[in-house]
Number of protein chains: 2
Amino acid sequence: MKMAQLSSASGVPVATIKYYLREGLLQPGQRSGPNQSLYGPEHLRRLRVIRGLLDVGGLSVAAAHQVIDAIDSDLGLAHTFDIAQRTVSPQLERTALAPDALAQVDDVLDGWLVSPDNPGRLAAARVLQTFRELGQPDLSGWVPAYAAAALAVADADLDEIDARADRESKTEMVVIGTVLGDALFAALRRAAQEHVTAERYAAPPAP
Amino acid sequence: MKMAQLSSASGVPVATIKYYLREGLLQPGQRSGPNQSLYGPEHLRRLRVIRGLLDVGGLSVAAAHQVIDAIDSDLGLAHTFDIAQRTVSPQLERTALAPDALAQVDDVLDGWLVSPDNPGRLAAARVLQTFRELGQPDLSGWVPAYAAAALAVADADLDEIDARADRESKTEMVVIGTVLGDALFAALRRAAQEHVTAERYAAPPAP
DNA sequence: AACTATCGGATAGTGTCGCTGTCTATAGCG
DNA sequence: CGCTATAGACAGCGACACTATCCGATAGTT
């Protein structure tokens with residue numbers, strides 16, 4: 001497959017593919033001459049992964065690069081998870097967070113095996129800190145429901161990863177699932193919000 | 001409160017506050033002279049809301065503007081939800097989505113009262129379409145778990161909104177909850193992933 | 001062999017975004 | 001009186017994700 005075909009098959013402009021090659025997001029094709037390269041189906045697939053991470057997952061090119069490197073490198077499952085999580089999470093210093101916001105998170109994470117520097121723990125603390133700054137410290141009916149739902153989803157994530165056969169496929173699901181899972185849940189939450197709102201407040205249909 | 005105090009109390013630079021004023025994100029203070037204005041606690045609070053939407057929620061300034069206008073305008077709950085959802089969701093054309101991806105979503109949304117143009121429904125279809133393009137059409141063990149979790153979270157969202165006393169407070173929770181709820185869930189999912197991974201694959205602790 | 005389209009590679013330019021810095025003419029304040 | 005602060009206008013900046021242009025060489029067509 002040549003550049004033009006790769007471009008039309010993926011829907012990505014040639015100039016953009018060249019840009020991805022420059023940035024190292026996409027592997028160079030197989031050289032067939034001093035100024036010719038051939039691309040295979042794996043390039044097409046990689047291009048689709050890239051567009052998914054950028055467009056659907058909302059990642060920056062730099063973040064997509066890190067995440068793709070994690071797919072390619074042969075690390076353990078837990079380590080790959082860690083890289084994917086750190087890449088898609090905001091960089092937070094544990095010391096920059098209010099202790100009571102952290103305590104509020106830990107309260108809800110009671111019994112979980114989570115490292116103190118887990119990016120999710122810190123990001124959750126920041127969200128709760130924001131609510132506190134807005135004068136809404138009591139979310140004891142709300143946050144635990146999120147934690148329970150997150151646990152169920154994480155279980156499903158691991159089930160889905162287990163269902164993959166080979167290591168490469170598992171790794172890819174870790175990375176893509178981490179990124180696209182956020183988008184999927186957010187989307188389904190919107191649909192569920194409309195449903196629950198309709199169910200609670202709309203006039204019941206005539207019999 | 002004068003500009004300098006508003007700045008130091010909120011931690012937002014004066015130049016940035018001026019920028020927010022220019023953009024209409026923040027209401028002008030009460031004029032006390034041709035080149036003097038006074039700001040009240042409501043400006044400080046609004047500034048905190050803005051920073052929460054931008055930094056924690058990851059919204060653009062334009063999106064934050066729309067969302068803040070939704071807080072201020074006196075619309076019904078369902079309508080406010082709609083504005084908040086459309087603002088934070090990608091703009092998708094229903095016709096640009098693959099019918100089988102949409103069918104896959106509707107399959108999992110079975111029995112829900114959701115309009116065909118619900119932004120969440122369309123966004124979910126796009127995520128599933130991306131998985132399909134990567135050759136993973138069978139996610140029948142995965143997506144339903146997300147839907148169930150989203151339903152539970154949406155229920156908690158509505159409970160929390162119901163718990164607010166006045167209309168203004170409800171509206172604010174709709175908007176802020178929509179934006180920060182995404183961030184909160186994503187964060188807790190990361191923590192839960194580490195927990196489940198540790199629980200499943202780590203050596204059990206010695207007795 | 002001539003010719004045209006395409007290629008890889010390098011470099012420069014574009015548009016958007018979220019600020020940030022500078023300027024001017026006032027005004028408050030000690 | 002003099003110093004600092006302020007509102008408002010406007011230009012500039014750095015990051016980002018492309019996009020466009022040019023070059024010399026080669027591939028495929030005739």
Side-chain angles (χ1 to χ4, degrees), chain A residues 1-40 43-44 46-68 87-88 90-91 179, chain B residues 1-40 43-44 46-68 87-88 90-91 179:
Chain A
M1 197 174 1
K2 287 188 295 187
M3 176 59 91
Q5 295 169 270
L6 183 63
S7 170
S8 66
S10 63
V12 179
V14 172
T16 306
I17 296 178
K18 285 187 177 185
Y19 167 63
Y20 293 157
L21 286 166
R22 266 200 313 279
E23 296 292 307
L25 263 180
L26 191 64
Q27 303 286 117
Q30 196 191 347
R31 297 303 291 261
S32 67
N35 65 344
Q36 295 279 300
S37 290
L38 292 177
Y39 305 92
H43 289 92
L44 183 54
R46 173 58 55 91
L47 215 36
R48 286 204 244 261
V49 171
I50 292 169
R51 294 316 295 228
L53 294 176
L54 297 188
D55 294 349
V56 183
L59 259 54
S60 69
V61 167
H65 192 179
Q66 291 186 43
V67 143
I68 279 176
T87 303
V88 303
Q91 307 278 359
V179 176
Chain B
M1 197 174 1
K2 285 189 294 187
M3 176 60 89
Q5 294 169 270
L6 183 61
S7 170
S8 67
S10 63
V12 179
V14 172
T16 305
I17 296 178
K18 285 186 177 184
Y19 167 64
Y20 293 157
L21 285 166
R22 264 200 313 280
E23 296 293 305
L25 263 180
L26 192 65
Q27 302 287 119
Q30 196 192 348
R31 299 303 292 265
S32 67
N35 65 342
Q36 296 279 296
S37 289
L38 292 176
Y39 305 92
H43 289 93
L44 183 53
R46 172 58 55 91
L47 216 35
R48 286 204 244 262
V49 171
I50 292 168
R51 294 315 295 229
L53 294 176
L54 297 188
D55 294 349
V56 184
L59 260 57
S60 69
V61 167
H65 194 179
Q66 291 185 43
V67 144
I68 280 177
T87 304
V88 304
Q91 308 276 0
V179 175

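We name chains A, B, ... by the order of the sequence lines, and we start the count at 1 in each one.
Spacing between atom CD1 of A:Ile17 and atom P of C:dG9 amounts to 14 Å, rounded to whole angstrom units. Atoms CG (B:Leu6) and P (D:dA5) sit 16 Å apart, rounded to a whole Å. Between the CD atom of A:Glu23 and the C1' atom of D:dA15 there is a distance of 12 Å, given to the nearest Å. If you measure from atom OH of A:Tyr39 to atom C1' of C:dC7, you get 8 Å, rounded to the nearest angstrom. In this structure, B:Leu21 atom CG and D:dC10 atom P are separated by 17 Å, rounded to whole Å. One atom, CE of A:Met1, and another, P of C:dG8, lie 12 Å apart when rounded to the nearest Å. For the pair B:Gln30 CD and D:dT6 P, the interatomic distance rounds to 17 Å; values are reported in whole Å. Summarising the geometry, the separation between CZ on A:Arg31 and P on C:dC7 is reported as 14 Å, rounded to the nearest angstrom.
Partner of A:Arg51 under the side-chain contact (heavy atoms from CB on, under 4.5 Å) criterion, chosen from A:Leu53, A:Asp55, A:Val49: A:Asp55. Each of B:Leu59, B:Leu25, B:Leu26 was compared with B:Ile68 under the side-chain contact (heavy atoms from CB on, under 4.5 Å) criterion, and only B:Leu25 meets it.
Considering only heavy atoms from C-beta on, B:Glu23 stays 4.5 Å or farther from B:Ile50 through its side chain.
In terms of modelled atom types and a separation under 3.5 Å, the side chain of B:Gln5 and the main chain of B:Lys2 share a donor-acceptor contact.
Across B:Val179 and B:Gly57, no two heavy atoms sit closer than the pair CG1-CA, 3.6 Å. Among all heavy-atom pairs drawn from B:Leu54 and B:Ala64, the shortest one is CD2-CB, 3.9 Å.
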* Could you encode protein contacts along nucleotides 13-30 of chain C as a string, one character per nucleotide from 5' to 3', using B for base contact, S for sugar-phosphate-only contact and - for no contact, with a heavy-atom cut-off of under 4.0 Å? => -----BBB-----BS---
